[in-house]
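All remarks here apply to the structure that follows.
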Protein chains: 2
Amino acid sequence: MQRWDGYGSPWWHGRFRGCGYRITVPRRIILDVLSKTSEHLSAEDVYVAVHKIYPNVGLTTVYRTLELLVQMGLVFRFDFGDRKARYELAMGPKGMRHHHHLVCTDCGRVVDYTDFLDEEKELLSRTEVGLAEKYNFTISNHLIQFYGLCDKCRVKK
Amino acid sequence: MQRWDGYGSPWWHGRFRGCGYRITVPRRIILDVLSKTSEHLSAEDVYVAVHKIYPNVGLTTVYRTLELLVQMGLVFRFDFGDRKARYELAMGPKGMRHHHHLVCTDCGRVVDYTDFLDEEKELLSRTEVGLAEKYNFTISNHLIQFYGLCDKCRVKK
DNA sequence: AAATTTAATGAAAGCAATTTTCATTAAAAA
DNA sequence: TTTTTAATGAAAATTGCTTTCATTAAATTT
């Protein structure tokens with residue numbers, strides 16, 4: 001599951017070194033947890049998972065590390081409407097993971113989709129270029145989410 | 001600035017009546033504040049603005065009313081990454097206001113854009129149909145945000 | 001227009017997610 | 001191995017928001 005850079009270190013060690021950040025046990029474990037799930041974990045979720053592996057890690061460190069990873073662009077932070085942040089590895093051993101979300105506004109279920117990405121991609125990059133020019137922004141990322149009712153919740157109503 | 005329904009009431013009175021909700025002074029003022037700004041107000045912002053007009057309105061009522069308006073579909077709630085909700089009138093006197101956002105990840109500035117909407121719209125609705133079929137969702141809304149650095153923040157780095 | 005009903009309100013207390021503080025620990029540099 | 005200083009964990013603090021409950025005021029009935 002872990003990918004190596006060919007010099008005996010996981011892929012993200014270089015990024016850390018480059019920024020002057022230390023490679024610590026808690027950081028190693030948090031990244032490991034994130035790289036092994038395909039779910040949308042909250043800070044609490046990460047804490048629980050990390051805690052199972054190494055019970056000494058505190059919740060504070062989880063929050064701090066997630067924040068750091070978001071700053072570095074290694075992790076994305078999402079908001080699905082319940083008021084707690086969700087975290088996902090931006091890219092991982094499996095390669096690029098970019099996807100969009102389909103959120104059920106009733107039960108909160110989140111589906112990742114990549115299916116229409118090819119069609120979307122072209123328009124998105126054109127839009128990005130246009131927006132960047134018009135508003136003088138350097139665009140580095142985007143977020144697309146669709147909201148609605150999943151099959152189960154539709155029936156309930 | 002206020003639009004009337006031709007029978008002597010602002011446009012939203014009918015919606016309220018239909019749902020059995022009362023038309024009260026705080027609600028009137030909150031809707032008035034929202035209809036007169038083009039900014040992305042937090043609950044606190046709304047509270048401050050409302051307070052200037054009518055100091056008796058409490059923060060609790062502001063939260064409750066905003067929630068009600070979101071439920072009714074009269075107001076949209078957004079999240080721009082600082083962890084507080086922002087509110088915008090869904091449609092107003094000026095007609096439909098649907099737009100997307102361009103968010104500066106450094107200073108938090110938010111630009112609304114509608115420019116590329118025509119091109120986007122068609123792809124979006126195709127995507128919606130496809131997703132709805134594939135994942136068995138009834139899609140009612142979507143969110144598109146681009147993230148990057150605005151001109152000022154790019155220079156600072 | 002007055003009385004009645006009940007939804008809406010405001011103040012205070014409560015809550016959950018996240019952040020800050022600060023003394024201690026452990027990476028990494030010397 | 002020693003030194004430096006970034007990172008950590010526990011506890012306290014903060015923030016954005018929600019709940020509770022006694023009071024007020026819309027809207028309905030008289």
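Below, chain A is the first sequence line, B the second, and so on; all start at residue 1. In what follows, every heavy atom counts, from backbone to side chain, and hydrogens, waters and symmetry copies are set aside.
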Spacing of [X] atom [atom1] relative to [N] atom [atom2], expressed in whole Å:
{"X": "A:Leu59", "N": "D:dA13", "atom1": "CG", "atom2": "P", "value": "18 Å"}
{"X": "B:Glu44", "N": "D:dT14", "atom1": "CD", "atom2": "P", "value": "16 Å"}
{"X": "A:Phe16", "N": "C:dA26", "atom1": "CZ", "atom2": "P", "value": "19 Å"}
{"X": "A:Ile30", "N": "D:dG9", "atom1": "CD1", "atom2": "C1'", "value": "12 Å"}
{"X": "B:Arg28", "N": "D:dA27", "atom1": "CZ", "atom2": "C1'", "value": "13 Å"}
{"X": "A:Asp45", "N": "C:dT18", "atom1": "CG", "atom2": "C1'", "value": "15 Å"}
{"X": "B:Asp82", "N": "D:dT14", "atom1": "CG", "atom2": "C1'", "value": "16 Å"}
{"X": "B:Tyr54", "N": "C:dG10", "atom1": "OH", "atom2": "P", "value": "8 Å"}

Check whether any side-chain N or O of [X] sits under 4.0 Å from OP1 or OP2 of [N], and answer yes or no.
{"X": "B:Arg64", "N": "C:dT9", "answer": "no"}
{"X": "A:Thr61", "N": "D:dG9", "answer": "yes"}
{"X": "A:Tyr63", "N": "C:dT19", "answer": "no"}
{"X": "B:Arg17", "N": "D:dA27", "answer": "yes"}
{"X": "B:Thr60", "N": "D:dT18", "answer": "no"}

Looking at D:dC17, C:dA28, C:dT9, which one has an atom nearest to any side-chain atom of B:Arg27? C:dT9
Looking only at side-chain atoms of B:Thr65, point me to the closest of C:dT9, D:dT8, D:dG16. C:dT9
Closer than 4.0 angstrom, basic N to acidic O: yes or no for A:Lys36 and A:Asp32? yes
Any salt bridge linking A:Asp151 with A:Arg109? Criterion: basic side-chain nitrogen under 4.0 Å from a carboxylate oxygen. yes
Closest-nucleotide ordering on DNA chain D, the 5'-leading residue of B:Ile23 and B:Ala85: B:Ala85
Work out which heavy atom in B:Gln145 is nearest to a heavy atom in B:Leu143; give both atom names and the distance. OE1-CD1, 3.2 Å
Can you check whether A:Phe78 and A:His40 have ring centres sitting under 6.0 Å from each other? no
Using the closest heavy atom to pick a nucleotide of DNA chain C for each, name whichever of B:Gly20 or A:Ser42 lands nearer the 5' end. B:Gly20
Do B:Arg22 and C:dA7 have a side chain to base donor-acceptor pair shorter than 3.5 Å? yes
What I want to check is whether an N or O donor and acceptor connect the side chain of A:Arg83 with the base of C:dA17 at under 3.5 Å. no
Evaluate B:Asp45 against B:Arg86 for side chain to side chain contact (heavy atoms under 4.5 Å, CB included), listing each step before the verdict. CA-CA 9 Å; B:Asp45 294 336; B:Arg86 306 295 176 131; 4.0 Å; yes
